Amino acid sequence: MKGISQWNPEDSVFWKAEGKLHAQRNLWISVPSLFLAFVVWQIWSVVAVKLNDVGFHYTASELFTLAALPGLVGATLRIFFTFMPGIFGGKNWTVISTAALLMPALGIGFAVQNPETSFTTMAILAALCGIGGGNFSSSMANISFFFPKKLKGTANGLNAGIGNLGVSAVQFITPIVIMMGSFGGIVGSAQLMKDGTEVWIQNAAFIWVIPIIIITIISAFVMDNLPNAKQSFKEQAVIFKNKHTWIMSWLYTMCFGSFIGYAAAFPLLIKSEFPDVNPLELAYLGPLVGASVRPIGGWIADKLGGAKVTFWDIIIMIAATAGVIYFLNDKNFTGFLIMFLILFFTTGIANGSTFRMIPVIFEPKQAAPVLGFTAAIAAYGAFLIPKMFSWSITVSGAADLALYLFIAYYVISLGICWYYYSRKNAEVKC
């Protein structure tokens, strides 16, 4: 395919003549690539729930650690991956980073078949899943360059929102595929659960190998490197001198950090607080809701303004978290689930609205690395939230302490959003 020689999406004539076609093609390849990245990133949120049922002997703390480690590594990798499209080219880095997902997918598939596999080995494989988390920053930085400012909220929302669906997909599909003996016969023998049921835990990872290979090949032949998007690290590092980089990192952590952290912890939290409920039957609903509404959040923000949408959304987040605490103490699972679904909904809307704010606050060449860097910082939520729930349950026997701390964070975020972006005389109107 002939490469793109020029790129100026803000020129309406260029955009209509050829820019829109190229941008949409790259977006719709980026989406499944990012979807698979989120799948691999969150495999442990469901695999960890089943390990002890098939003969492993890990403590509750170790299981929460396995669910949290991909978040820690993914967040750290995002800091570096943010700058990779600018250095290597968007297409080139998409090919490399998507192919790298094969390492944890294959490794987990073999490791879970042996109950004698050490915790250290499992922890290394969990860490490798962080590659999937890192891919988000490079994907968003890449796609941001393709669209004009007026469409960035919608485009980023679609890329991230459908990509985020990978979290829900892995939590929904895993309970189904681990029961598939016909598929499992190809890649290993069954494991026996305590009640005698045969399962194939390895399917949770192996099922994604072929899709990863297919998307890697498509990315190599169909995506584009943009000619004016390349920047050295030094050129991109100017973002660290801008205070709004750090403010938006705080605000995006408030929403995306909550989304991915709750997604990682939700199955284990249900199992801990409501032992009579099968967490894998319902846990996927939260990430499904949050991911599905993210494009809507970006679209509404394009119409009404990102800061206004984010401000009111945080208020609902605070109320929903208080509701989770109430029903948790009341031991009312239905109320707990509804409040958590509302909480996931608000994280999704704010994910879209905050990411719309960034291209308005920053000029295009800064906006791309800022999108990636804020996503990197926010991804630490995938590590911190499961660990905070684990800490809270260990010291108090319940998750309340962690949830109260989250409310405090949301209240501070509300004040920051109001002061810098949404009040009448705010420093930046976005």
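Count residues from 1 along the sequence. None of these values were measured; they are calculated from a predicted model.
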### Task
Consider only side-chain N and O atoms of S219 and T98, and report whether a donor and an acceptor are under 3.5 Å apart.
no

Here the ring-ring contact (aromatic ring centres under 6.0 Å, His included) pairs for residues 312-332, sequence neighbours left out, are none

Residue set satisfying side chain to side chain contact (heavy atoms under 4.5 Å, CB included) with K20, at least two apart, ordered chain then number -> W15, Q24

Exercise. So, W7 side chain and F145 main chain: donor-acceptor pair closer than 3.5 Å or not?
Worked result: yes

Minimal heavy-atom distance between L125 and A111, with the atoms involved, is CD1-CB, 3.4 Å

Q) Quick one: is the NZ or CZ of R423 closer than 6.0 Å to the six-membered ring centre of Y419, and within 45° of its axis? A) yes

Residues 233-259 vs salt bridge (Lys or Arg N to Asp or Glu O under 4.0 Å), sequence neighbours excluded, gives K243-E427

Hits for ring-ring contact (aromatic ring centres under 6.0 Å, His included) against W208, two or more places apart or cross-chain, chain-then-number order -> none

Could you list the donor-acceptor pairs under 3.5 angstrom formed between side-chain atoms of residues 340-349 and any protein atom two or more places apart in sequence or on another chain?
{"from": "T346", "atom 1": "OG1", "to": "I342", "atom 2": "O", "distance (Å)": "3.4"}
{"from": "T346", "atom 1": "OG1", "to": "L343", "atom 2": "O", "distance (Å)": "2.7"}
{"from": "T347", "atom 1": "OG1", "to": "F344", "atom 2": "O", "distance (Å)": "2.6"}

Ionic contact status for D302 with R356, cut-off 4.0 Å: yes

Between side-chain atoms of residues 63-72 and protein atoms elsewhere (two or more places apart, or another chain), which donor-acceptor pairs fall under 3.5 Å?
{"from": "T65", "atom 1": "OG1", "to": "S61", "atom 2": "O", "distance (Å)": "2.8"}
{"from": "T65", "atom 1": "OG1", "to": "K387", "atom 2": "NZ", "distance (Å)": "3.1"}

*Does R294 count as lying over the ring of F355, i.e. NZ or CZ under 6.0 Å from the six-ring centre, within 45 degrees of the axis?*
yes

Is there a donor-acceptor contact under 3.5 Å from the side chain of S392 to the main chain of A398? yes

Distance col, row I215:CD1 vs L34:CG, nearest 0.5 angstrom, shows 11.5 Å

Check: Do F274 and L269 have side chains that get closer than 4.5 Å, going by heavy atoms?
Finding: no

- request: Would you mind reporting whether F373 and Y252 have side-chain heavy atoms less than 4.5 Å apart?
  value: no

query: Taking the inter-plane angle between the rings of Y409 and W250 on a 0 to 90° scale, is it parallel (under 30°), tilted (30 to 60°) or perpendicular (over 60°)?
result: parallel

